Amino acid sequence: MGDNVIPLHKNPAPSDESGPVTTLTVVPDPAPVRPVPLWVRSGRAVRTAVTHESTKATVRAAVRHSLYTVNGGRIVARRTWDGRTGSRYERYMRAAEAAGNMELAAEWEERLQRFRDARHRRRMDLLHSPLDVAKGTAVGTGMSVGVLVALGIVMALNTHQVGDVFTPLSATIEFIGALIYIVQIVWGPAITIGPFLALLALWSVGRKQHAAPQWALPANVRSGEGEPITPSIVVKALRDLGIAPLKNAIKEMGDAGASMLGPIRIAGCGVEVDVTLPSGVATNEVQKRRRKLAENLTRHEHELFITIPEAARTVRLWIADSGALDEPIGPSPLVTDQTMTANYKTGKAPWGQDLRGDAAAISLYQRHLLVTGLSNQGKTAAVRALALWLALDRTVKFWIADLKGVGDWAMFDGIAEVLIEGPSDSHCIQATEMVEDAVEEMNRRIEERRRDPSVVFAPLIVLVDEAQKAFMCPAKGEDGRPYGGSKATSRYFMAVREIHNQGRAVDVLMWQGTQDPTDQNLPKLVREGAHTRASLVLGTESQARMALGDKAVDGGAAPHLLRQGLDKGTLVVASDGITIPAGQPSITVRTHFIDDDPATEVADRAKALRDGVTTLRVVEQGEERDALADVAAVIGDAARLRTNEVLKRLHALDPKAYGDQWTNDRLKALLEEHGEEPKKSHGVMVVHRDHVLRALANRDTDDSASATE
């Protein structure tokens, strides 16, 4: 059929009796397919071939092995030149001068002079060597011939054959001829193969030194994972930092740039090295390029820590083994050692491990504590681990306000005398009043110390977790003073300041855990009052300065460079209570994680050491109180309590209900109303538990009788 033929299709009519109807259907011609030009197909094929991974691998291999040979020759030539000249000594001398070590520079200059003197003597000896060689050869040849002839004479006397006199001499001549013949045979192939062997040797040198561009090296060499840290690697990493004075100084030093480095020491799961920077390079210039330096060392940023030791113009690099910081450090000794106890004054709490892998223990004696960091990074677990250890000292008292209120501190029921749990403003108010009660206790102790300097007080830890809620609480008291805030009118702020100012002297200590520090939720005067300041990962350097102080951050502390979510429980600590390497203002600690169940087991051991502590769980304010029942509750299992102690506990239980209007007289009136009253014991008014329980029983009996009537 032609291209313009119209095909005919016969379709039956649906219901017409006239018979089939012929219908003409026009089928359009398909669009013509234009062939792809040959040059386009060729270009695509070439592009595919060029960009194929096999082609890239082949090109990289060709470039790599070619440059191995070329650069291997350069390395051998450099080594030969160094061995034949004094250039090596000159580089060392310039390096010492650049580092300002004139004594070492003079020593290298003296060594260079000795090398030149020895070289001069060798060259002078060469002027006389031809004559000495000729004389030696003549004498040696004559002696050898004489020995051979003497040997022949002995053989002739033995065999009675005169011809044997020359037998040894002729045998020696034949042997020399055979050697010459062998050399003639081997010489030709040796001349042919020799250059290839030399190139192979140069290739081997270049391969061992990886003397090729990074992009041409094999993948396992380019990644550098697990590559050991050597002086040359450190020097190259510093040279490529992009600091012009440092790069120029290293160029002048040549390979002797390693003279900047101290010994590379194994330090836990990594290595440590001190770098003395040349003149014109500041330590903070290196600190600012931490990521680039880490990548130059084939490490991730979090695997390099830069600190400033005491020595001037020196930075200390701690370089972790690849992946070592992602490995867990193991359980806490609090969990594994069931016999562990604590001593507030002389002991140290096992907190974790430092970067060297050594145990990191911290003293809590008379030190206020501040731990901060972003949310969900292990702050509560870090503070709780210290509290659990200290709870094993039965003399230590705890007042705890958990303003998160999800049960993180529930195991301290039976250890803490006060336990507030909840996130509302009401709980923040209760926490504030708890801290104010601690101020009153502190003042009472101070007054008692004035009267009796030898008196010893039980340590009191006032702990507020999620303290930023207390600082930011908008509620105000009846006198109009705000509970939160950072001004002198803030009740929480001023109470914490007072404890920071004087609490240490009488062992009333403030522990706070807070999130995301700012001037609003962690005022400067409060954060600077803490003796031990620790920080988990933070968002910015300014927050790091708020958490640890300018001195620590300027010295290399960098919690803002930790990895959020990956470095949970890793703290940067600034405190005189923990062993910090000399010259450093802080230390990085990877804390042990104690989960809720193990924490409960440790808390149970602490409870077994104590004589039954009744924990006051502060309830929501505004609830109608049963004063007599509350008195019984605050006495707990104690046989008797001083009346002022009962009043203090009632106030902690509900500051609204048991405020300033509750005095010794009102407490006495309450008990007398039910047929009991406080008694004196050793000259001090006390309330007996049995008397209160009897009053409760009598009241219940009276109420039952009244109801019956």
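These values consider heavy atoms only, across backbone and side chains, with no hydrogens, waters or symmetry-generated copies. Sequence positions, counted from 1, serve as the residue numbers for this chain. Everything numeric here is computed off the predicted structure, so don't read it as measured data.
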Check against salt bridge (Lys or Arg N to Asp or Glu O under 4.0 Å), Arg694 and Asp690 = CA-CA 6 Å; Arg694 186 167 59 219; Asp690 293 342; over 6 Å; no
Polar side-chain atom of Ser363 near backbone of Gly577 as donor-acceptor pair, under 3.5 Å = no
Could you tell me whether the side chain of His531 and the main chain of His368 form a donor-acceptor pair under 3.5 Å?
-> yes
Minimum side-chain heavy-atom gap Ser490-Arg481 below 4.5 Å | no
Nearest heavy-atom neighbours spanning Arg445 and Val508 | NH1-CG2, 3.8 Å
Minimum side-chain heavy-atom gap Glu541-Val553 below 4.5 Å = yes
Flag side-chain contact, heavy atom, 4.5 Å: Thr307 against Trp318 = no
Side chain proximity check, Glu417 to Trp399, heavy atoms < 4.5 angstrom | yes
Side-chain contact test, heavy atoms from C-beta onward, threshold under 4.5 Å: evaluate it for Leu403 versus Val464 and give yes or no.
-> yes
When you measure from the side chain of Thr643 to the backbone N and O of Val686, does any donor-acceptor pair fall under 3.5 Å?
-> no
With rounding to the nearest 0.5 Å, note down the distance linking CD in Glu601 to CG in Asp595.
-> 10.5 Å
Closest non-hydrogen atom pair, Ala495 against Val435 | CB-CG1, 3.5 Å
Between Thr600 and Asp597: side-chain donor-acceptor atoms closer than 3.5 Å = no
How close do Ser575 and Thr532 get, heavy atom to heavy atom, and via which atoms?
-> OG-OG1, 2.8 Å
Quick one: CG on Leu369 to CD1 on Ile461, what's the gap to the nearest 0.5 Å?
-> 9.0 Å
Working to the nearest 0.5 Å, report the span between CG of Asp550 and CD of Glu528.
-> 8.5 Å
Step-by-step salt bridge (Lys or Arg N to Asp or Glu O under 4.0 Å) determination, Arg527 to Asp519 | CA-CA 10 Å; Arg527 61 184 185 247; Asp519 284 327; 3.1 Å; yes
Lys345 with Asp393: basic N within carboxylate O range, under 4.0 Å | no
Shortest non-hydrogen pair, Val418 vs Met434, comes out as CG1-SD, 4.0 Å
Dump the intermediate steps for side-chain contact (heavy atoms from CB on, under 4.5 Å) on Val684 and Asn644, then the final yes or no.
-> CA-CA 10 Å; Val684 179; Asn644 60 349; 5.9 Å; no
Spacing of Gln430 atom CD and Ile420 atom CD1 [to the nearest 0.5 Å] = 5.5 Å
Is the shortest side-chain N to carboxylate O distance from Lys379 to Glu466 below 4.0 Å?
-> yes
Would you say the side chains of Ser426 and Ser424 form a donor-acceptor pair under 3.5 Å?
-> no
In Å, rounded to the nearest 0.5 Å, how long is the span from CD1 of Ile446 to CZ of Arg451?
-> 12.0 Å
Any donor-acceptor pair under 3.5 Å from Asp452 side chain to Arg449 backbone | no
Under the side-chain contact (heavy atoms from CB on, under 4.5 Å) rule, what do Arg367 and Tyr365 come out as? Steps first, then yes or no, please.
-> CA-CA 6 Å; Arg367 290 178 176 88; Tyr365 177 62; 4.2 Å; yes
NZ/NE/NH1/NH2 to OD/OE distance under 4.0 Å, Glu441 and Arg444 = yes
Donor-acceptor pair, side chain of Gln543 and main chain of Gly539, under 3.5 angstrom | yes
Does Lys404 NZ have over 12 foreign heavy atoms under 6.0 Å away?
-> yes
Donor-acceptor contact below 3.5 Å, side chain Trp351 vs main chain Ala382 = yes
Are any of the side-chain nitrogens in Asp425 or Lys476 under 4.0 Å away from the carboxylate oxygens of its partner?
-> no
Side-chain heavy atoms of Val537 within contact of Asp567, under 4.5 Å | no
Do you know which two heavy atoms are closest between Val573 and Ala534, and how far apart they sit?
-> CG2-CB, 4.0 Å
Interatomic distance, OG@Ser486 vs CG@Leu525, rounded to 0.5 Å, equals 9.5 Å
Gln366 backbone acceptor or donor facing Tyr344 side chain under 3.5 Å = yes
Indicate whether the side chain of Gln468 and that of Asp516 have a donor and an acceptor atom separated by less than 3.5 Å.
-> no
Got a donor-acceptor contact below 3.5 angstrom from the Asn501 side chain to the Arg497 backbone?
-> yes
What closest approach, in Å, do Ile635 and Arg649 show between heavy atoms, and which atom pair accounts for it?
-> O-NH1, 4.5 Å
Output, in order, the C-alpha distance, side-chain angles, deciding distance and verdict of side-chain contact (heavy atoms from CB on, under 4.5 Å) for Leu522 and Phe471.
-> CA-CA 7 Å; Leu522 189 60; Phe471 280 112; 4.2 Å; yes
Taking the side chain from His592 and the backbone from Gly330, do they hold a donor-acceptor pair closer than 3.5 Å?
-> yes
Side chain Arg533, main chain Ala547, donor-acceptor under 3.5 Å = yes
Trace of the side-chain contact (heavy atoms from CB on, under 4.5 Å) decision for Arg491 with Glu433 | CA-CA 8 Å; Arg491 293 176 61 174; Glu433 293 173 340; 4.0 Å; yes
Would you say Leu463 and Ile400 make side-chain contact, with heavy atoms under 4.5 Å?
-> yes
Could you go through the salt bridge (Lys or Arg N to Asp or Glu O under 4.0 Å) check for Asp596 and Arg384 one step at a time?
-> CA-CA 10 Å; Asp596 290 345; Arg384 192 175 68 181; 3.0 Å; yes
Compute whether any side-chain donor of one residue and acceptor of the other, for Trp409 and Glu421, lie under 3.5 angstrom apart.
-> no
Mind checking whether Asp507 and Leu460 have side chains closer than 4.5 Å, heavy atoms only?
-> no
Any salt bridge between Asp554 and Arg545, counting N to O under 4.0 Å?
-> yes
